[in-house]
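Report on the structure given below.
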Amino acid sequence: MQLTYRGANYEYDIPTVDMLEGEVAGKYRGQNWNYRYPRHIPVPKKYGGISSTTKRNFQALENVAAVHTAYSTVESSPTFADVAQVHRMHICNILDRRKQVAAAKGDARLLRLLEKEWQQMAC
């Protein structure tokens, strides 16, 4: 293919990849479509009733399970009650800081509102 870039002419050859058709993967608009593999990559072969990729995946899962059991002392994720308690503490801390700022500025009205909110939150 003849191309030109800023006045320089050059020939571009599109590389072709030799593909192999694999098994039927599904249908699209009524037509079958197949997996396609580059010729240099071997198509997974079946032997003993289980495909080689399945055996490799199974071995990988066994390795992951072994690592997982080695690190079984890792704590589980926090529960909803734990998260709610931490959230409530943060809100109370924010209210406390706001009360300190209102007291420093001498804003009695804001201080009364924050006291009401403090009582509603039961901090």
Side-chain angles (χ1 to χ4, degrees):
M1 175 187 304
Q2 183 71 30
L3 297 174
T4 304
Y5 179 72
R6 293 188 176 184
N9 294 328
Y10 63 98
E11 188 69 29
Y12 178 69
D13 293 325
I14 298 173
T16 59
V17 178
D18 195 17
M19 302 294 281
L20 292 174
E21 292 288 324
E23 66 228 30
V24 175
K27 282 188 177 258
Y28 179 73
R29 294 189 177 184
Q31 300 292 321
N32 288 338
W33 64 273
N34 301 357
Y35 287 117
R36 299 180 71 203
Y37 302 99
R39 187 171 294 278
H40 67 279
I41 298 175
V43 176
K45 304 238 188 287
K46 290 189 176 185
Y47 60 93
I50 299 175
S51 71
S52 61
T53 56
T54 304
K55 276 193 175 179
R56 275 185 272 157
N57 291 344
F58 182 70
Q59 289 170 350
L61 287 175
E62 283 179 338
N63 293 341
V64 168
V67 170
H68 182 54
T69 56
Y71 293 107
S72 62
T73 60
V74 176
E75 294 181 19
S76 62
S77 60
T79 63
F80 179 76
D82 296 338
V83 173
Q85 182 181 5
V86 169
H87 182 65
R88 183 179 214 69
M89 284 186 344
H90 283 220
I91 290 175
C92 289
N93 290 341
I94 291 169
L95 272 174
D96 189 39
R97 273 183 273 158
R98 290 178 66 201
K99 281 175 38 178
Q100 290 173 2
V101 170
K105 286 185 176 182
D107 192 348
R109 181 175 170 268
L110 179 59
L111 198 54
R112 281 193 312 268
L113 291 172
L114 291 173
E115 283 293 332
K116 281 185 183 178
E117 190 173 349
W118 183 270
Q119 291 169 358
Q120 288 174 352
M121 288 295 297
C123 291

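Model, not experiment: these values are computed from the prediction.
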(message) Can you confirm whether R97 sits close enough to I94 that some side-chain heavy atom of one is under 4.5 Å from a side-chain heavy atom of the other?
(response) yes
(request) Check the surroundings of atom CD in Q31: do more than 12 heavy atoms from other residues, nucleotides or ligands lie under 6.0 Å from it? (result) no
(request) Inspect the surroundings of OH in Y5 and state if more than 12 heavy atoms from other residues, nucleotides or ligands are less than 6.0 Å away. (result) no
(message) What's the separation between atom CD in Q2 and atom OH in Y12, rounded to the nearest 0.5 Å?
(response) 14.0 Å
(message) How long is the straight-line distance from CD of E117 back to CD of Q120, given to the nearest 0.5 Å?
(response) 7.0 Å
(request) Each residue besides L111 in its hydrophobic cluster should be listed here, by chain and number; the cluster joins Ile, Leu, Val, Met, Phe, Trp and Tyr at side-chain heavy-atom distances under 4.5 Å. (result) none
(request) Specify the closest pair of heavy atoms between L95 and M121, including all atoms of both residues, with the distance to one decimal. (result) CD1-CG, 4.0 Å
(message) Against V101, only a single residue in R98, K99, K105 fulfils side chain to side chain contact (heavy atoms under 4.5 Å, CB included); can you say which?
(response) K105
(message) Membership question, hydrophobic clusters at under 4.5 Å side-chain separation (ILVMFWY): are L110 and I91 in the same one?
(response) yes
